[in-house]
Amino acid sequence: MPAYSGSTSQTQPHTQAVSVPPALAVPVIETAFPRRLHPYWPKLQEKSRTWLREMRLMPPDKVERYADSLCYTDLVAGYYIGAPDELLTAIADLSSWFFAWDDRHDRDSVHGRTAQWRWLCRGLHGALDAPRQYLHHRDPLVAGFADCVRRLYAFLGPSWNARFARHFHPVIEAYDLEFRNRRSGTVPSVEAYVELRRLTFAHWAWIDLLEPTARRELPHTVRNHTAYRRAALATQDFSAWYNDLCSLPKELAGDELHNLGISLIQHEGMTLEQAVREVHRRVTQCVADFLDAEEEVLLLARKLSDGTAEGEELANAVQSCVFNMRNWFSSVYWFHHESGRYRVDSWDDRSMPPYVTEDVLAENELVGEE
């Protein structure tokens with residue numbers, strides 16, 4: 001049985017036709033959120049393939065076979081319109097790294113590789129605080145993360161760097177909590193899962209990256225403005241929960257416990273069909289919440305444009321940030337229907353993605369135990 005039956009079609013700028021099953025369709029995204037793509041995208045694909053090989057995050061044969069079809073660069077090239085090419089490349093590599101880390105987390109959880117996982121987490125925490133010291137770490141995931149962080153820290157300076165680190169340390173800790181949940185068979189309650197997901201998706205780290213894209217760090221008063229935070233949370237919750245909606249078949253097949261749909265089934269007594277409808281409802285509500293908040297953020301930007309050069313620069317930065325928050329919706333939406341990451345119906349083993357290599361993970365486990 002297909003994961004989600006039936007489809008509608010939509011033509012995208014760089015694809016032929018994209019199928020969206022009715023259970024996953026969000027018409028307002030298709031009509032009111034145009035798909036945009038950073039002009040550096042074709043070069044980004046090439047650079048990403050090279051980086052994945054050099055960092056040993058995927059075997060060379062799998063880079064050639066799967067990297068482009070996974071569409072990781074497409075995703076980021078739709079998020080951060082206006083970013084300098086070097087910044088976009090660093091963000092794209094961080095995104096590719098994140099997916100590789102997520103895959104390692106899954107396989108370490110399945111196989112109970114606790115010592116290796118703990119060693120990895122210690123390395124990631126260290127790389128976040130002192131990336132240059134971890135560039136040659138023996139675990140490719142630590143070295144790759146250190147490389148991304150080092151490059152990202154070059155754009156806005158110490159205060160932004162410290163904030164990014166403050167936001168990412170809890171992401172590592174949340175992944176560790178998920179590891180422990182997997183080992184104990186614990187499905188979080190819906191409320192607990194919502195808070196955990198905001199960490200495992202790295203909500204605030206991705207929002208932080210809007211600022212170097214806009215070429216300016218926003219002041220505390222703007223970042224903590226109610227409308228700005230509402231807009232940011234709406235775009236990130238949409239992205240995380242839409243991922244849950246689309247990855248539900250993949251995660252059920254792999255005995256995953258962390259998915260909004262799984263929490264609804266386990267703790268709210270919903271059927272699979274009811275859970276899918278409820279996650280879809282929440283996803284759609286995120287779009288409505290964003291549209292309301294977006295108007296207020298644009299009003300804030302107009303107020304900041306007070307006729308001074310400083311005011312104009314700040315207003316432009318805020319407009320850039322909310323523009324790219326909007327772009328998250330279309331980029332995330334179409335990514336999930338273009339990427340081979342979620343096509344479980346085409347896999348030989350629905351519990352084991354073909355782009356993941358178990359023997360490479362086992363080698364990394366031996367490194368972790370040294």
Side-chain angles (χ1 to χ4, degrees), residues 12-15 36-107 120 123-124 126-128 130-155 164 168 202 205-206 209 212-213 331-332 334-336 338-343 353-364 367:
Q12 291 304 304
H14 57 293
T15 61
R36 297 180 174 89
L37 203 61
H38 197 291
Y40 194 63
W41 170 71
K43 188 67 174 178
L44 198 62
Q45 277 196 318
E46 177 185 333
K47 284 182 171 289
S48 178
R49 289 193 298 270
T50 300
W51 188 80
L52 286 168
R53 285 192 297 266
E54 290 178 348
M55 291 290 121
R56 296 181 295 119
L57 292 176
M58 289 178 71
D61 62 323
K62 294 210 170 185
V63 170
E64 293 308 314
R65 185 173 181 182
Y66 295 111
D68 286 356
S69 65
L70 289 171
C71 300
Y72 295 161
T73 56
D74 306 38
L75 181 65
V76 169
Y79 284 172
Y80 296 103
I81 305 300
D85 295 348
E86 296 81 2
L87 173 63
L88 188 70
T89 304
I91 297 174
D93 290 343
L94 178 67
S95 179
S96 295
W97 170 87
F98 213 121
F99 284 112
W101 181 41
D102 190 70
D103 292 334
R104 171 85 73 83
H105 172 266
D106 175 70
R107 304 322 296 170
L120 171 60
L124 296 179
L128 194 55
R132 292 183 182 278
Q133 296 179 24
Y134 289 81
L135 291 174
H136 304 291
H137 195 278
R138 286 175 295 175
D139 190 313
L141 275 174
V142 176
F145 184 57
D147 181 64
C148 292
V149 172
R150 173 189 62 83
R151 291 150 64 198
L152 292 173
Y153 282 0
F155 286 91
F164 184 86
F168 214 98
W206 296 120
L209 288 164
T213 298
S331 191
V332 165
W334 293 115
F335 164 74
H336 281 88
E338 295 168 355
S339 175
R341 188 173 177 85
Y342 306 100
R343 293 178 187 159
Y355 47 84
V356 173
T357 305
E358 280 281 24
D359 56 355
V360 172
L361 299 180
E363 289 173 10
N364 289 333
V367 170

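Note that the numbering runs from 1 along the sequence shown for the chain.
- The ring-ring contact (aromatic ring centres under 6.0 Å, His included) search around W97 returns W101, F145, not counting sequence neighbours.
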For residues 64-71, tabulate all N or O donor-acceptor pairs below 3.5 Å that involve a side-chain atom, not counting sequence neighbours.
| unit_1 | atom_1 | unit_2 | atom_2 | d |
| --- | --- | --- | --- | --- |
| E64 | OE2 | R53 | NH1 | 2.5 |
| D68 | OD1 | R49 | NH1 | 2.8 |
| D68 | OD2 | R49 | NH1 | 2.9 |
| S69 | OG | Y66 | O | 2.9 |

Evaluate the side chain to side chain contact (heavy atoms under 4.5 Å, CB included) criterion for residues T73 and Y40: first the C-alpha distance (whole Å), next the side-chain angles of each, then the deciding distance (0.1 Å), finally the verdict.
CA-CA 10 Å; T73 56; Y40 194 63; over 6 Å; no
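- Scanning for side-chain contact (heavy atoms from CB on, under 4.5 Å) contacts around T213 gives Y80, A83, L87, I91, N324, with sequence neighbours left out.
- For A205, the side-chain contact (heavy atoms from CB on, under 4.5 Å) criterion is met by F164, F168, A202, not counting sequence neighbours.
- Evaluation of the side-chain hydrogen bond (donor to acceptor under 3.5 Å, both in side chains) rule for R151 yields D93, D147 as partners, not counting sequence neighbours.
- Looking at every heavy atom in both residues, A90 comes nearest to L152 through CB-CD2, 3.8 Å.
- Note: S95 OG to Y72 OH = 8.0 Å, rounded to the nearest 0.5 Å.
- Between P42 and P39, the shortest heavy-atom contact is CD-O, 3.4 Å.
- Between the CG atom in L88 and the CD1 atom in I81 there is a gap of 8.0 Å [rounded to 0.5 Å].
- Remark: H137 pairs with no residue by the side-chain hydrogen bond (donor to acceptor under 3.5 Å, both in side chains) rule, at least two apart or across chains.
- Between D85 and K47 there is no salt bridge, since none of the side-chain N atoms of the basic residue sits less than 4.0 Å from a carboxylate O of the acidic one.
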For side chain to side chain contact (heavy atoms under 4.5 Å, CB included), just list the numbers for C148 and W51, CA-CA rounded to whole Å, side-chain angles, deciding distance to a tenth of an Å, and then say yes or no.
CA-CA 10 Å; C148 292; W51 188 80; 3.5 Å; yes
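- Between A127 and V142, the shortest heavy-atom contact is CB-O, 4.2 Å.
- The two atoms that bring L44 and T89 nearest to each other are CD1-CA, 3.5 Å, heavy atoms only.
- When the salt bridge (charged side-chain N to carboxylate O under 4.0 Å, His left out) test is applied to E46, the partners found at least two apart in sequence or on another chain are K43.
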Using the rule given for side chain to side chain contact (heavy atoms under 4.5 Å, CB included), can you reason through D74 versus Q45, listing the C-alpha separation, both sets of side-chain angles and the distance that settles it, and then say yes or no?
CA-CA 8 Å; D74 306 38; Q45 277 196 318; 4.0 Å; yes
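- Not counting sequence neighbours, the partners of S331 by the side-chain contact (heavy atoms from CB on, under 4.5 Å) test are L75, Y79.
- Between V356 and D106 the shortest side-chain heavy-atom distance does not fall below 4.5 Å.
- R150 is listed as a side-chain neighbour of L135, based on a closest heavy-atom distance under 4.5 Å.
- When every heavy atom of L141 is checked against every heavy atom of L120, the shortest pair comes out as CB-CD1, 3.8 Å.
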